[in-house]
Every structure is written in C-alpha cells, then in structure tokens.
Q: 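Please read through the structure below; I'll follow up with questions.
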Number of protein chains: 4
Amino acid sequence: MGAVKGKRMPRAVREQQMMDAAVRVFGQRGYRAASMDEIAELAGVSKPLVYLYLNSKEELFTACIRREAAALVDAVRGGVTPGEPADRQLWAGLRAFFTHTAERPDAWAVLHSQARTHGEPFAAEIAVMREEIVAFVTLLIAEAAREAHDNPLLPEQDVAGLAEALVGAAEALAVWANAASGVTAKEAAATLMNFAWSGLGNLMDGKSWSPPSR
Amino acid sequence: MGAVKGKRMPRAVREQQMMDAAVRVFGQRGYRAASMDEIAELAGVSKPLVYLYLNSKEELFTACIRREAAALVDAVRGGVTPGEPADRQLWAGLRAFFTHTAERPDAWAVLHSQARTHGEPFAAEIAVMREEIVAFVTLLIAEAAREAHDNPLLPEQDVAGLAEALVGAAEALAVWANAASGVTAKEAAATLMNFAWSGLGNLMDGKSWSPPSR
Amino acid sequence: MGAVKGKRMPRAVREQQMMDAAVRVFGQRGYRAASMDEIAELAGVSKPLVYLYLNSKEELFTACIRREAAALVDAVRGGVTPGEPADRQLWAGLRAFFTHTAERPDAWAVLHSQARTHGEPFAAEIAVMREEIVAFVTLLIAEAAREAHDNPLLPEQDVAGLAEALVGAAEALAVWANAASGVTAKEAAATLMNFAWSGLGNLMDGKSWSPPSR
Amino acid sequence: MGAVKGKRMPRAVREQQMMDAAVRVFGQRGYRAASMDEIAELAGVSKPLVYLYLNSKEELFTACIRREAAALVDAVRGGVTPGEPADRQLWAGLRAFFTHTAERPDAWAVLHSQARTHGEPFAAEIAVMREEIVAFVTLLIAEAAREAHDNPLLPEQDVAGLAEALVGAAEALAVWANAASGVTAKEAAATLMNFAWSGLGNLMDGKSWSPPSR
DNA sequence: TATGAATGAGCCTTCATTCAT
DNA sequence: TATGAATGAAGGCTCATTCAT
C-alpha cells in the first residue's frame, strides 16, 4: 500500500509516506521507544530527509497526531447525517468511530495511548480533538433532551459529565474491541447505545438515581 | 510524610521510599522518560542502592505497578460492604475508586496511562488487575439483574461489554476529574451512577435500544 | 602510519583505523580493562561511530581477533615455500612467525594472551587459528619422517603432542623475545630449530628417551 | 572440602577460605570479570570481611598468585631428588608439574593465563616464579652438559633460550592436557622428554641444526 | 531532492570500596 | 570477629540531530 519506494517523489507524497511509517512505529513502540532510524527505514528514506521535511521527532509526532485526529473526526462527522434524530446521529457516529479505530489500530494507539501519556506538547493536541468530540456528543445529548421535552431538564454541568463518560466508555470499548478480536464495530456500538441511551432516556424523564442518604 | 531522609534505614523502609519516588517520576514523566537518576535523587538515595534493592528499571516499574494495583483494588474492595444491594455496592465502589485515584494521581497515571502503553511485561500486569475489577462489576450487574427479576435477562456476552463500558467510563471520568479540578469524587460517582444505573435498569426491564433497520 | 585523522573518510578506511586502535588498546590493557572510550579516542573518532560500524565491544574484539589471526596465518604461510624439504619449510615458517609477532606486539598480545583468557566466544576463534597452525606443523613433522625413512615411525598421537609442544615453545619464545629485547627473530627461530629438529631427528631414528622403570 | 561455613573461625583459616574462593573465581572468570561479591559469597563471608583481611582486589589477587606460585614451585621441587642424573631430575620435575597443574586447573589458569595478562603488578609476580623455574631448568641443562662432557659446549645465551623454550613447551602442554582430557600427566611428560632430551643430547654432542646459507 | 558520515549527551547498569554497628 | 547499608566512579550502549556533498 502506498507508492513504491523509488526515488525522487514530490515532497507531499514523501511526507505522507514518512507519516505513515511514523504512525506505525509510534503506535507500536510508543513515542520514546520509537527511533527515528526505524521510522526512516520503514519509510524507505534516509534519516536526514525526515529531518528536512518534518524537522524533529517532536514535530513529526505532532504532525502524526494532527493528521490522525483530523482523520478520526472526519470519519465520525462523515458518518453522521445532520438533521436526523439525535439517537440515530449518535448511533451513526459511534459506528463510524468503532469502524475507524478498528481499521487503523496504530493510529488509534497513537491518539488514545501515546499522545496522552507523553507530556504537554502532545496531550494538548489530543485535548483539542477530544473536546471537539465531547462537544459534539454534548450537543447530541442536549438535542435529545430537546426532542424529548420542550425544555432541557439537565443542567449543563451534568451534561458535560455525561458526555465525558460516554466518550470514555467508547474509548475503552474501542481498545477492548481491538484487543479481544471477536467484537465487531457494530456490536460495540450497539452495546454502548443500549447502555447509554436507555440510561440517558431515564435521566431525561427525571428518573435519576439518588445516592443513599448516608 | 514518610520517614526522614536520614541515612541507614532498614531495607524494607528504603524500598518503600524508592517506590514512592518511582511512582511519582514514572507517573509524571512516563516509563521511558523517567530516569533512574531522578528516581534515586527523589528517593534521597544513591543510584546503586536502587539497583541493589530493585534490580532494574523494568523490575522497579513492575514492582510499582503491582503495589499500586493492589492498593487500588484494596481501596475499592474496602469501600464496599458485601451483601448490600447491588446499586449501593456499585455506588460505594465508585466513590472509593474516584477517591483513591484523586488522592494518588501519580499512581493512577502509572496504572492507567503508563503501564498500558509500554509493552507486554507491564500491560499484562494491568490486564490482571483490570480483569479483577471488571469481574467484580460484572458480578454486581448480574446481581442487580437477579434483584430486579427472578431470572437474569442479560446474556453473558452483553454483560461483559456493559461492564467493560462502565469501567472504561469510570476510568475516563477519573482522568477528567483529576485534570479539571472542581469535580469531586462524589460528583463523579453520582454522574456515573446516574448514567449507568438508569440505563442498566431499562435494559433489565427489556427496554433496550434498537438500531435502525438500515 | 595510516591515513590522517581528518574527517569524512569512507567506511572501510575508518573501520580499519578503529581496529588498529582497538588492537592496540586490547593488546595493552586487556579485553575487560580496555574501554570503548579509549579506543574511540585513539582512533580519532567518536564512540557512537565505533558502535555504528562495529556494533559492540564483543564484536569489535572478535573482528580484531579474526583480522590478526588471518594476518598471522598469512604471514607464516607466505614465508614458506611449499615443496621444499620439511626442515627448510619449518625454518622459514618460524622466521616468518617470529618476525610477524615482533613487528606487531599488540596483535600478538591480543591473539596469544587476551583472546585465550576471556571466555568462549573468543577462545574458540583462537582455537581455530591454532589448530590450523598445529595441523601445518604436524604435516611438516610427518613429511620429515617420510623424507628420513620410507615409513613414518611416529604414531599419530605422538606427532600431535610433538606439534603441540613445538607450537607452544614457539609461542613462549615469541613472548620472551618481545619482552627481553635483544633477541632477534632469526635467533629465536634458530634456537627453536636447534632444539626441536635435532630431537625430532633422533626420534625418527628411533633413539627415543625412555622413562626410568619406576 | 575445607571447613564448614560456620562463623567465628580464626583469621588464618578464613583467609585460606577466601583465597580458595578467589582462586576459583579468578581462574574461571578472569581478574577483571571476577567480582568481589561473587568471591565473598563463594567464601561464605560478607564482603567487608574480605576487605578487612585482604585489603583490596589487587592485593587479594596478588596473594592468590603468590600462594599458588609457591605451591607450584614446591610441588616441582618436591618431586625432584637432588643429586640424581639431570635427565631423571627433569623427568621427575615435569611429572610433578603436569600432575600439579592437572589437579588445580583454576590455580593454573590464574598463574598462566590471568596473572600474565593483567598488567604490571601481577605480571611481575609471575616473572619471579617463572625465572625461578627457568633457572632450575637452566641448571639441569648445564649439569647435563657437564655429565656428558667435561666442558659445557653450549654458550650461556643459548642455554637460556633452550630453557625458555622447554618451559614454554611444558606450559603449552599443560594447557593442552587440561583442555583435551585424555592425556595424562605421565604421557605429557614423556612426550616432552622425548622431544626435548633427544634434541638437547644432540646439541651437546655438537650435532646442531644449521640454517641454510640464504 | 537526497544521503553517507559523524557526534554530544544521556541513560542503564556494575563494581570496588567504605561506614556504622 | 563480623555484617547490613550505602556510594563515587566509570563503562557499554543508544538516540536525536547535523554536516558536507
């Protein structure tokens, strides 16, 4: 997959090849354990060329994060049809999410595992993407509330927590599905929809769970 | 906190000091970026002593993982009163979990972020702990089903997915609460209980969400 | 001797420079006491380059052993004219041997002293070279026996011991000549020829020394 | 063999135990690769005690060399009956030598291999012992010359070389016999006597080998 | 556009050696 | 007599990064 190793290709193409290699190595070895040597070799390029195009390990990693974050967000957005009922939108988004992460496990490892565990420059990139997704989910929850009732019953702070929990659960399921093969993207999405939507439905009807008095 | 840095302490004490330092450095820097020099210095000890007692960076990391995994599991188990209704057990367990992770953020980083992203020797350790917790949650869900009805309605495979999602959501909320200070352990637990329990309740009543036909 | 220290030389050249330095340091300090730092410095190169080309201390040492063993065997073989009478061949071989060891004392130290005292990976290399030489000498002794009589009088096992003793004596004399300067290669060779050849001659005439009955 | 590990033994005994252990470890691992830790453990003693008695690794090694050198010289001297004919003395000395080196391979490795390859402090010790033995052999050769003729025919310098060669051959045979088990001390001694004595006898009769004119 | 040659810096690990009891 | 606790110093090895072509 990808262009042949041959020489003299336009910069844009070479850069993609390098980032493909980098995502693979970063995803499998981790940021620190990945070596520029291995990345260059896997890209079929000499090391100085990697530096010429991507400047440094840090920038290369950042570039990978950005590219894969954008790809993931695009996949999710692309799977959703705006205007549909909120539950169908969520369902479609989750399916797109699980499908994408299953298709690109190294990219998912980079985004979910590596970028978040290696300090500020990278964690911030992920935070941006995650906030985008959380915001999207928050919107859907709010819209669902609007669909069910005239006025949303849920205070904003609660919605934020719920969205966070939903996204977290989705992430965990993506890891789980990737590891324990046997669970398809569709099944994972269904499990989560069942879990979340029914619960949310109850919440929006005002049937919230109350902690014991003591 | 902890004994004075002074010299000549019994081995067992020194080992704990070293592991305290190691958890902090591993948690903040990550496994690869952490240097034995920094750990030794933070422990108030020379590097050779660290090697004398803990043998290698890898073994030191493993020792940290094991100690903190045991501490976390103990905290959760200790917070739960067996025999109580399943929802109260879950509530108590979640509160203990969020309290513990908030009190020891570096330990939580080690367990959740670092150990899982640095290859087999360590990921396996975490898998063991995680399975223990997932099994516990699975039991609670099954018990809840039993409490609500005479026969559990949920097939085993589904329960596994639900437990996985619940644990994943809890982990994500722990990170979220740790980062965005302002959310207490109690609030996080309440959010998750609301989210999960209501949804689960619906499921057990057979009101599951169904994907659109196409 | 050797190319200028200057920078940017082709790999093959640099490798030889490094091995020159390594032979010197290994020969003078011993395998364990030699430091890669010193070798690199003596070679006029940074340490990483040594590792880039020679991989490890062990492989570097092995490479030195192989190069110098080949050089020594070549020198001895090159000094001998096949087809000549056995005694002249032995004489020529010994002269070449003593000349070579005197010219390259560090190489001789590596082969004779260091490689044999530092465990299996290296001792095996030397064993190969030594067997080659012992075999050569064994052939000469057998040929001498054939020249002197129609049938060789010496049983094979004895010849092996004799060759071993002759080679051992030569090795000791090489060390002795290297240390107590004042003995030339020619003198050493003459001493040994006198010592050995006369004895061998007698043996082949059947005049062997017999141990006392008790 | 040797006293039980038990505590509180007189210094002299402990010292011997330590040196026993040291000879074994030095002989098998080499001077540099041997660790004081391993020696102390093998001696059944704590490391500080080794330092209390033997002061340093260097002094410990030197003490081992001296003890084993004395033991070897004593063994050879003890095997020889002064006043007997020179050939019987040499024969007896060689048998004692090969027997001793076969019985104590680690000690022989220390003397022959390790001490001579690790720099001045140690090589000097060996030189002393070796000179003693070479001198003894030199005497025997001279005496043999006296027995055979009224006046020695051999110039001193030649005798020195011959003795050196003889000792060197003996050393090589000792290594050979130790490695290739199957050769007894008696056989090794006989091989060497045959080889050497006949040659020496010829030499003393004036029948020396002459190098070709060119 | 592309690369062979080269290095400063740092890290894991080990070892001989000593202190305090 | 004997040892548990502790360290300064150094060595092997790797890595991100650059120079010169």
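Every chain is numbered from 1, with letters handed out A, B, ... down the list of sequences. In what follows, every heavy atom counts, from backbone to side chain, and hydrogens, waters and symmetry copies are set aside.
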Q: Listed by chain and number, what are the side chain to side chain contact (heavy atoms under 4.5 Å, CB included) partners of A/A63, not counting sequence neighbours?
A: A/M19
Q: Considering the options A/R67, A/R14, A/R104, which one meets the salt bridge (charged side-chain N to carboxylate O under 4.0 Å, His left out) requirement together with A/D20?
A: A/R67
Q: Can you list everything that forms a side chain to side chain contact (heavy atoms under 4.5 Å, CB included) with B/A71? Sequence neighbours excluded, please.
A: B/E68, B/H100
Q: For the pair made of CD in A/E38 and C1' in F/dT14, what is the distance, rounded to whole Å?
A: 14 Å
Q: Round to a whole Å and report the spacing from OH of B/Y53 to P of F/dG4.
A: 10 Å
Q: Please map the stems of DNA chain E, keeping only stretches of three or more Watson-Crick or G-U wobble pairs with both distances under 3.5 angstrom.
A: E:2-21 with F:2-21
Q: Which is more 5' along DNA chain E, the nucleotide nearest C/S46 or the one nearest B/Y31? Just name the residue.
A: C/S46
Q: Between C/R14 and E/dA5, does any side-chain N or O lie under 4.0 Å from OP1 or OP2?
A: no
Q: Roughly, in whole Å, what's the span from CG in C/L49 to P in F/dC15?
A: 16 Å
Q: Check the interface with nucleotides 17-21 of chain F: list each N/O to N/O pair with the protein under 3.5 Å, or write none.
A:
from: F/dT17; atom 1: OP2; to: A/Y51; atom 2: OH; distance (Å): 3.1
from: F/dT17; atom 1: OP2; to: A/K57; atom 2: N; distance (Å): 2.8
from: F/dT17; atom 1: O4; to: A/K47; atom 2: NZ; distance (Å): 2.6
from: F/dC19; atom 1: O2; to: C/R8; atom 2: NH1; distance (Å): 3.0
from: F/dC19; atom 1: O2; to: C/R8; atom 2: NH2; distance (Å): 2.8

Q: Under 4.0 Å between any heavy atoms, over every strand shown, what does C/R11 touch: base, sugar-phosphate, or nothing? Just pick one.
A: sugar-phosphate
Q: Specify the separation, in whole Å, of atom CZ of C/R32 and atom P of E/dC15.
A: 7 Å
Q: For residues 107-116 of chain B, which side-chain N or O atoms pair as donor and acceptor with protein atoms under 3.5 Å away, sequence neighbours left out?
A:
from: B/Q114; atom 1: NE2; to: A/T117; atom 2: O; distance (Å): 3.4

Q: Between atom CG in B/L54 and atom P in E/dT14, what is the gap in whole Å?
A: 13 Å
Q: Take atom CZ of B/F26 and atom C1' of E/dC11, then tell me their distance rounded to the nearest Å.
A: 13 Å
Q: Just list the side-chain donor-acceptor pairs under 3.5 Å for residues 26-36 of chain A, sequence neighbours left out, or say none.
A:
from: A/R29; atom 1: NE; to: A/E38; atom 2: OE1; distance (Å): 2.8
from: A/R29; atom 1: NE; to: A/E38; atom 2: OE2; distance (Å): 3.4
from: A/R29; atom 1: NH2; to: A/E38; atom 2: OE2; distance (Å): 3.0
from: A/S35; atom 1: OG; to: A/D37; atom 2: N; distance (Å): 3.4
from: A/S35; atom 1: OG; to: A/E38; atom 2: N; distance (Å): 3.0

Q: Using the test salt bridge (charged side-chain N to carboxylate O under 4.0 Å, His left out), find all partners of B/D106 that sit at least two apart in sequence or belong to another chain.
A: none
Q: Under 6.0 Å from the CZ atom of D/R11, do we count more than 12 heavy atoms belonging to anything else shown?
A: yes
Q: Suppose we screen for side-chain hydrogen bond (donor to acceptor under 3.5 Å, both in side chains). Which residues come up paired with B/E59, at least two apart in sequence or across chains?
A: B/N55
Q: Would you please name every residue forming a side chain to side chain contact (heavy atoms under 4.5 Å, CB included) with A/L52, sequence neighbours left out?
A: A/L49
Q: Closest-nucleotide mapping onto DNA chain F: is C/A34 or A/S35 further toward the 5' terminus? I mean the 5' end.
A: C/A34
Q: Rounded to whole angstroms, how far apart are CG on A/L60 and P on F/dA16?
A: 11 Å
Q: Using whole Å, what does the distance between atom P of nucleotide F/dA5 and atom CE of B/M18 come to?
A: 11 Å
